[in-house]
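Shown next, in structure tokens, is the structure this report addresses.
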Amino acid sequence: MVFKINGGNRLCGSLKIESAKNSVLPIMAGAVLTDKEVIIENCPKISDVFAMSDILRSVGKIVKFCGENLTITPDEGFVGGDLNFSTDLASSVRTSVLMLGALSAKTKKAKIPYPGGCDFGGRPIDIHINALKMLGAKIAEEDDRIVCGSPIKGGKAVLPFPSVGATENVILACVLGKGDSVIVNAAREPEIVDLAAFLNRLGAKIYGAGTSVIRVEGVKNLNGGTIRPSPDRIEAGTYLVAAAVTGGEIELNNVNAENISSLLGKLCDNTCKFKIKNDIIYLHSGKRKKAFDLTTGPYPLFPTDLQAQASVLAAVSDGRSKIKDEVFKNRFAHVVELKKMGAKVSVHGNLATFDGVPVLHGAEVCAHDLRCGAALVLAGLNAEGTTVVHDVKFLERGYYAMDKKLAALGADIVRA
Ligand code: UD1
């Protein structure tokens with residue numbers, strides 16, 4: 001599958017943002033902790049959600065979309081067994097690793113394959129494993145799978161880096177049980193706040209989510225419940241940059257401006273004007289952009305998941321821009337492709353330096369991962385001529401109906 005884009009159209013109009021992919025996926029893992037029904041509202045129909053649904057089905061859940069909502073209920077006819085899932089399923093989505101914490105809490109023993117997900121350099125899980133061990137879990141490797149046995153005893157887990165996934169895995173592992181657990185140097189991302197709010201609604205006792213110290217008091221069991229995760233700040237940010245690189249004027253509904261303030265700050269410095277009212281952001285983009293510097297970091301710093309999209313802005317801004325990724329130091333697959341479209345950019349270590357050109361030109365390019373793909377679509381919208389983005393399956397892991405949403409804003413884009 002490809003996206004074929006005839007660039008140069010100014011994006012104008014309004015669109016609605018989905019619930020955050022990175023909240024929905026850990027919440028789905030959290031649904032394993034209860035035997036009651038869970039409903040996730042405004043859930044994006046993206047392939048990462050479908051992959052996570054298959055994992056839940058293989059451990060005894062019925063997972064269905066009802067309109068825009070995803071419902072997860074226990075399968076009464078499920079025969080049980082090992083509560084295991086295949087290596088293929090695990091490699092299809094990174095958050096399969098969260099089943100380690102969730103399943104071990106629910107069944108007292110989890111045996112899961114190593115996770116997959118977007119590949120931008122090594123994505124180890126040592127922080128997950130060491131944190132679980134610090135809280136009393138016994139972890140081993142059997143038949144190329146990770147085994148997590150013995151319940152969490154409680155205590156303190158100090159993370160060497162505020163890993164989002166490790167923070168989520170530890171929260172999931174600690175919710176059911178007797179212990180009182182503290183996570184120090186926890187990730188503070190809004191998606192952690194969403195996961196904790198969801199589990200607390202079900203009856204968990206999690207305190208301090210959104211700060212760097214989280215405390216989890218174990219409870220006996222959880223109820224069911226409904227959750228509307230926060231809007232996808234990365235989807236919103238992607239469309240804002242799309243408007244910026246096309247000199248457009250767009251309104252996004254269902255956004256939380258606070259969660260993307262680091263991006264809004266950069267765009268403001270960059271000849272864009274905003275109006276923000278409740279959950280609506282209106283952006284009016286000026287013409288030629290000014291060069292800028294940015295460095296990614298854990299929340300509330302600039303998100304690594306918007307680094308590739310910001311790179312497109314840098315590629316067409318007037319002057320020299322520098323972009324450093326301090327979270328994934330090797331996340332520059334988009335740069336090779338942007339060069340094919342006329343971008344003047346060099347990468348040294350985790351620093352990309354752009355000498356802006358007035359406009360990119362169309363080319364055949366390849367989406368190597370989810371956000372790389374998003375960046376190439378934005379580049380295609382800016383470019384003169386036709387751009388063909390190959391491997392849009394990566395994009396469809398995280399963006400619901402991106403071609404249709406962009407077409408509704410006036411982009412000339414088709415999926416073929
Ligand atoms: C999550 C997000 C991803 C985002 C990332 C950083 C989901 C589903 N994915 O990924 O979109 O880009 O946060 O905001 O929510 N690390 C280790 N050892 C570990 C774990 C992580 O060295 O055990 C390193 C990673 O290689 C990376 C950094 O820590 O350099 C951040 O990773 P982490 O925060 O764990 O990202 P993910 O949870 O995988």
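Along the sequence shown, the residues carry numbers beginning at 1. Remember, it's 1-based here, ligands and their atoms both numbered in the order they're listed.
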**Request:** Verify the neighbour count for atom OH of Tyr400: are there more than 12 heavy atoms of other residues, nucleotides or ligands below 6.0 Å?
**Result:** no
**Prompt:** Polar-atom distance check: Asp305 versus ligand 1, any N or O pair below 3.5 Å?
**Reply:** yes
**Prompt:** Which one holds for Asp126 and ligand 1: side chain close, backbone close, both close, or neither close, with close meaning a heavy atom under 4.0 Å?
**Reply:** both
**Request:** For Asn256, check side-chain hydrogen bond (donor to acceptor under 3.5 Å, both in side chains) against everything at least two apart and list the hits.
**Result:** none
**Request:** Heavy-atom distances under 4.0 Å are what count here, so tell me which part of Glu326 touches ligand 1: side chain, backbone, both or neither.
**Result:** neither
**Request:** Would you kindly check if the NZ (Lys) or CZ (Arg) of Lys275 is within the cone defined by 45 degrees around the ring axis of Tyr282 and under 6.0 Å from the six-membered ring centre?
**Result:** yes
**Candidates Lys339, Lys344, Lys322, Arg320 - the one meeting salt bridge (charged side-chain N to carboxylate O under 4.0 Å, His left out) with Asp355** = Arg320
**Message:** Listing request: all side chain to side chain donor-acceptor pair (under 3.5 Å) pairs with a residue in residues 177-189, at least two apart in sequence or in separate chains.
**Reply:** Asp180-Arg215
**Proximal atoms of ligand 1 relative to Thr95 (non-hydrogen, under 4.0 Å)** = 8 (C)
**Message:** Using only atom types and a distance under 3.5 Å, with no angle test, would you say the side chain of Lys393 pairs donor to acceptor with the backbone of Ser47?
**Reply:** no
**Message:** Any salt bridge linking Glu142 with Lys111? Criterion: basic side-chain nitrogen under 4.0 Å from a carboxylate oxygen.
**Reply:** yes
**Asked** Is the shortest distance from a heavy atom of Glu191 to ligand 1 less than 4.0 Å?
**Response** no
**Complete:** Within the 4.0 Å heavy-atom cut-off, what Thr304 brings close to ligand 1 is side chain
**Asked** So is there a nitrogen or oxygen of Pro124 less than 3.5 Å from a nitrogen or oxygen in ligand 1?
**Response** yes
**Thr387 OG1 to Leu381 CG distance, which is reported to the nearest 0.5 Å** = 8.5 Å
**Enumerated ligand 1 atoms positioned under 4.0 Å from heavy atoms of Phe328** = 5 (C), 6 (C), 12 (O), 25 (C), 26 (O), 27 (C), 30 (O), 32 (O), 36 (O)
**Asked** Does Phe65 have Lys45 sitting over its ring (NZ/CZ under 6.0 Å from centre, angle to axis within 45°)?
**Response** yes
**Request:** Say whether Asn22, considering both its backbone and side-chain N or O atoms, lies within less than 3.5 Å of an N or O atom on ligand 1.
**Result:** yes
**Per-atom contacts of ligand 1 with Ile125, taking only distances under 4.0 Å to non-hydrogen atoms** = 19 (C), 23 (O)
**Message:** Under the salt bridge (charged side-chain N to carboxylate O under 4.0 Å, His left out) test against Lys21, which residue among Asp232, Asp194, Asp48 passes?
**Reply:** Asp48
**Item:** Which segment of Arg94 sits under 4.0 Å of ligand 1 when only heavy atoms are counted
**Value:** side chain
**Item:** Residue Val164 vicinity, atoms of ligand 1 by number, heavy atom under 4.0 Å
**Value:** 1 (C), 13 (O), 33 (P), 34 (O), 35 (O), 38 (O)
**Asked** Is the shortest N/O to N/O distance between Ser163 and ligand 1 below 3.5 Å?
**Response** yes
**Item:** Lys106 with Asp35: basic N within carboxylate O range, under 4.0 Å
**Value:** yes
**Asked** Quick one: does Phe161 get an N or O within less than 3.5 Å of an N or O on ligand 1?
**Response** no
**Fill in**
One finds that the ligand 1 atoms under 4.0 Å from a non-hydrogen atom of Val327 are 6 (C), 27 (C), 28 (C), 30 (O), 31 (C)
**Item:** Close-contact set for ligand 1 against Gly165 heavy atoms, below 4.0 Å
**Value:** 35 (O), 38 (O)
**Complete:** Arg331 heavy atoms within 4.0 Å reach ligand 1 at atoms 12 (O)
